[in-house]
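These notes concern the structure reproduced below.
Start at 1 with the first residue, then count along the sequence.
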Amino acid sequence: MALAGFRPLLGFHSAASSSSRTPFALSSPNKCNWTLPFLPNSDTDRPPPFLVMAEVRTAAAGTPGRGYWRLPHVLTVAGSDSGAGAGIQADIKACGAAGVYCSSVITAVTAQNTIGVQRVCSIDENMVAEQLRSVLSDMQVDVVKTGMLPSAGVIKVLCQNIKEFPVRAVVVDPVMVSTSGDLLSGPTMLTGLQQELLPLADIVTPNLKEASALLGGISLNTIDDMRFAAKSIHEYGVRNVLVKGGDLPNSLDAIDIFYDGMTIELANQYMVLMSMKKLHTVLFEEKTFMSYMDHARMTRNTHGTGCTLASYIAAELAKGFSMLQAVQEAKTFVDSALLHSQDLMIGKGPQGPFHHLFRQQIIPSQKPRFDAKLLLLYAVTDSGMNRKWGRSISEAVEASIEGGATIVQLREKEAEAGEFVEATMECLDICRTSGVPLLINDRIDIALACDADGVHLGQTDMPAGLARKILGPSKIIGVSCKTAEQAQKVYADGADYIGCGGVFPTTTKQDNLTVGLEGLRTVCLASQLPVVAIGGINSGNVQSVMQLGLANLKGVAFVSGLFDKECVATEGRRLRSLLRDSLQAHE
C-alpha cells in the first residue's frame, strides 16, 4: 500500500551531496546497460526488484554467451556476537533468510551469551577502514546496514567510505545498549552519529532507549512521546525514522512509529500476517500519523530482534522495494520468527536468540521437501476439452498419467462443489496408485475436504502463506507469477514452486497476459523457487522453452497441448520424450 505523497527514498550517496540522487546504471563488459530510475510514488509503477533479474553476460568469466547473475548485496558494519544472537551473525542470518547476499565489516568483538555481555573489544579504526574499502571497492554493495559503532572515529571512516563508494541506501541501527541492558558504545559516538551518519541515512531504527539517548535522555513513555521522538530525530537529516516501541510501558502491544517527514505509520503486524490492515489516523502537530500495532510475542528468545529488523529492511531495499514495503516485510519476518521461537531453548540465561531460519526447518513428521523433478510434465485439466472429446475428469487424468505426467492439476471452473469433490476423490485414487501428486486449482476448500496433495493459486487468490496455515506444512503450494517482484514475494510467503506464463498466446485463457520467453527468463532469474512454464506450449514449441537452459526451469505445464488431443496418452509420451531430449541436450 503506497501512502499519498510518499517520496522516493533510494539512490546514490555522493561525495558532493548526501541528498543528490542519480539513477543507478549497471553495465557489463559487453556493453549491455541497465538503468534503474528512482522508485516512483505508485506501487504499481515500481520497477522490478533491483538487480535480481539483471543478467550480465561476459565471455571472460566463463562460457561465451552464458548468462550470469548476482544476488542483491547488503554490507553490515557491526560488532560480532559470540553467542550469534545479535550483531553481524544476526545480520547475516536475516539477509540469508531474505535471499540476499551479506558481507560484513567487524567493528568490535564481544564476549556474550544468553546471560549478558562479558567483554567488548573495539577494532582499530584503520582496520575498520581497510575492511570497508576491501568490500566496497570490489563487490557491488547495494545497501549498507550499520549496527554497533563503538567510537566517533569508526563513524568518521564509515561516512568517508559511504561518500566515496556509491550505495543505494544506508540503514542505521543505532546500537548503544544490548537487549540485556549492557552498554555497547561510548558517549563520544553520539555526536558523530547525530552530525555525520544520520544525514547520510535513509532510515534509522532506534528502540526507546536509543531514541531517548539520541535526544539527550528525554523520557519516552507514551505513543505521543514516540511520535515526538520520531519527528525530532528526523530533524537530524535522516530521511525516515522507525521508533520501536516493544518496551513501551503499560502496553500489551508492540507499537512502532514510522516517520518520513510527511506521514507516521505504525503497523499491526498480526493483522498484516492475516492480509488485513487496520489503520488509525490521528493528527499530531499538523502531521498525519497512521498507526498499526503488533501483538507482543511472549517468549524469552528476543535477543537480536533489533539487528534482525534493520537487516531485513536493508535486504528488502536491496531487492528494490520501497521503504514502507521494506519495513512492513521486516516486521512480518521478525514477528513470524518470534512466533516460531516460543519454545526454542538455547542457553541458560534470560534472553535467548530466536529462530531466523524457521522457513528452512523440516519437522521430522513432515514429508520431505518438494521434489522439483515432479514439475517435468505438468498436466492441467480443462473441462471444455473434456466435453469436446467426451472424457470425464478422471479419464483425462488417468490418460495423462499413462502418457507420463509427473504431476496433475485439476482446473475445473464449471463443476459444482459436490460434483467436483466426487471427481477429485476418483482422481486421487488414480494418482496415488501411480505415485503422482494431485493439485487443485484455486479451490483450497476442495483440496482440504479431499486431502489433495496441494493447490495452485493465482495472484488474486488467497496468499500462499495463509494457504499454508490452512493446508499444513506438508502440502504442495504453487503460485502463478508474471514478474520478478511477484516471484520474490511468493518465495517469502513459503510457496513450493512458481508457474510462469502465459509464455505464448493461449485459447484457454484469452485475457491472459503473454510474458514470452524473455518474461519467463526474468522470473526464473529472480526466483529462488523451481519454475514451471505454462501457456500455449505444445509439441511444436516446447523445446524452445527448455532451450533457455535456466537452472530452475524444471518443467512445462500443458493444457490444450496435452488434453486437446484424441489420444492424451500418446501425446503425453511424445511430450515427455521431447522434454527428456531437451534436458539431455543441456546437461
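- The shortest side-chain heavy-atom distance between T406 and R576 falls under the 4.5 Å cut-off.
- In terms of heavy atoms, P437 sits closest to L374 at CG-CD1, 3.7 Å.
- K489 pairs by the side-chain hydrogen bond (donor to acceptor under 3.5 Å, both in side chains) definition with D493, not counting sequence neighbours.
- With hydrogens and angles disregarded, no donor-acceptor distance shorter than 3.5 Å links the side chain of E329 to the backbone of Q325.
- Evaluation of the salt bridge (Lys or Arg N to Asp or Glu O under 4.0 Å) rule for E316 yields K319 as partners, not counting sequence neighbours.
- For the pair K331 and L309, the minimum side-chain heavy-atom distance is below 4.5 Å.
- Taken from CG in L410 to CG in L438, the straight-line distance is 4.5 Å, to the nearest 0.5 Å.
- When the side-chain hydrogen bond (donor to acceptor under 3.5 Å, both in side chains) test is applied to D442, the partners found at least two apart in sequence or on another chain are K413.
- The closest side-chain heavy-atom distance from N538 to F504 is not below 4.5 Å.
- Nearest heavy atom pair, residue V479 against residue A464, reads CG2-CB, 4.0 Å.
- Y101 is linked by a ring-ring contact (aromatic ring centres under 6.0 Å, His included) to H73, counting only residues two or more places apart in sequence or in another chain.
- Inter-residue side-chain proximity for D453 and L428 is flagged as met; some heavy-atom pair is nearer than 4.5 Å.
- The distance from atom CD of E571 to atom OG of S560, rounded to the nearest 0.5 Å, is 10.0 Å.
- N552 places a side-chain N or O within donor-acceptor distance of the main-chain N or O of S527, the cut-off being under 3.5 Å.
- D202 places no side-chain N or O within 3.5 Å of a backbone atom of V171 that could act as its donor or acceptor partner.
- For the pair N441/V380, no side-chain contact is recorded, criterion being any heavy-atom separation below 4.5 Å from C-beta on.
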Item to complete: Decide side-chain contact (heavy atoms from CB on, under 4.5 Å) for I444 and L457; before the verdict, give the C-alpha distance in whole Å, the side-chain angles of both, and the deciding distance to 0.1 Å.
Response: CA-CA 9 Å; I444 291 178; L457 303 169; 4.1 Å; yes
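- Of the listed residues (L136, V74, V143, L75), just one forms a side chain to side chain contact (heavy atoms under 4.5 Å, CB included) with V167, and that residue is L136.
- Distance alone, capped at 3.5 Å, places no donor-acceptor pair between the D564 side chain and the K388 backbone.
- Residues C524 and L553 share a closest heavy-atom pair of SG-CB, 4.1 Å.
- With values rounded to the nearest 0.5 angstrom, Q409 atom CD is found 11.5 Å from I476 atom CD1.
- Side chains of S394 and I430 form a contact here, defined as non-hydrogen atoms less than 4.5 Å apart.
- Summarising the geometry, atom CD belonging to E395 is positioned 12.0 Å from atom OG belonging to S400; distances are rounded to the nearest 0.5 Å.
- Atom-to-atom distance recorded for L375:CG and I498:CD1 is 11.0 Å, nearest 0.5 angstrom.
- No more than 12 heavy atoms of other residues, nucleotides or ligands shown are found within 6.0 angstrom of CD on E422.
- L471 places a side-chain heavy atom less than 4.5 Å from the side chain of L448.
- Taking OG of S392 as the start and CD of E398 as the end, the distance is 8.5 Å to the nearest 0.5 Å.
- Pairs passing the side chain to side chain donor-acceptor pair (under 3.5 Å) check and including a residue from residues 88-97, sequence neighbours excluded, read T76-D91, S80-Q89, D91-K145, D91-S311.
- Not one N or O on the side chain of D581 forms a donor-acceptor pair closer than 3.5 Å with the backbone of L578.
- Legend: ring-ring contact (aromatic ring centres under 6.0 Å, His included) pairs involving residues 380-400, not counting sequence neighbours: none detected.
- Residue pairs satisfying the ring-ring contact (aromatic ring centres under 6.0 Å, His included) criterion with at least one member in residues 405-436, sequence neighbours excluded, are absent.
- Closest heavy-atom contact between K482 and G502: NZ-N, 3.5 Å.
- L548 and L517 get closest at one heavy-atom pair: CD1-O, 4.0 Å.
- L583 places a side-chain heavy atom less than 4.5 Å from the side chain of L376.
- Sorted by first then second residue, the ring-ring contact (aromatic ring centres under 6.0 Å, His included) pairs that include residues 547-584, not counting sequence neighbours, number zero.
- Across all non-hydrogen atoms, the minimal contact from L525 to L550 is CD2-CD2, 4.2 Å.
- No side-chain donor-acceptor contact under 3.5 Å links S577 to the backbone of R573.
- Among residues at least two apart or in separate chains, ring-ring contact (aromatic ring centres under 6.0 Å, His included) pairs with a member in residues 452-487 are H456-Y497.
- For S104, the side-chain hydrogen bond (donor to acceptor under 3.5 Å, both in side chains) criterion is met by no residue, not counting sequence neighbours.
- In this structure, the salt bridge (Lys or Arg N to Asp or Glu O under 4.0 Å) partners of R468, at least two apart in sequence or on a different chain, are D496.
- E412 and T381 share a donor-acceptor pair across their side chains, judged by distance under 3.5 Å alone.
- Remark: D429 pairs with no residue by the side-chain hydrogen bond (donor to acceptor under 3.5 Å, both in side chains) rule, at least two apart or across chains.
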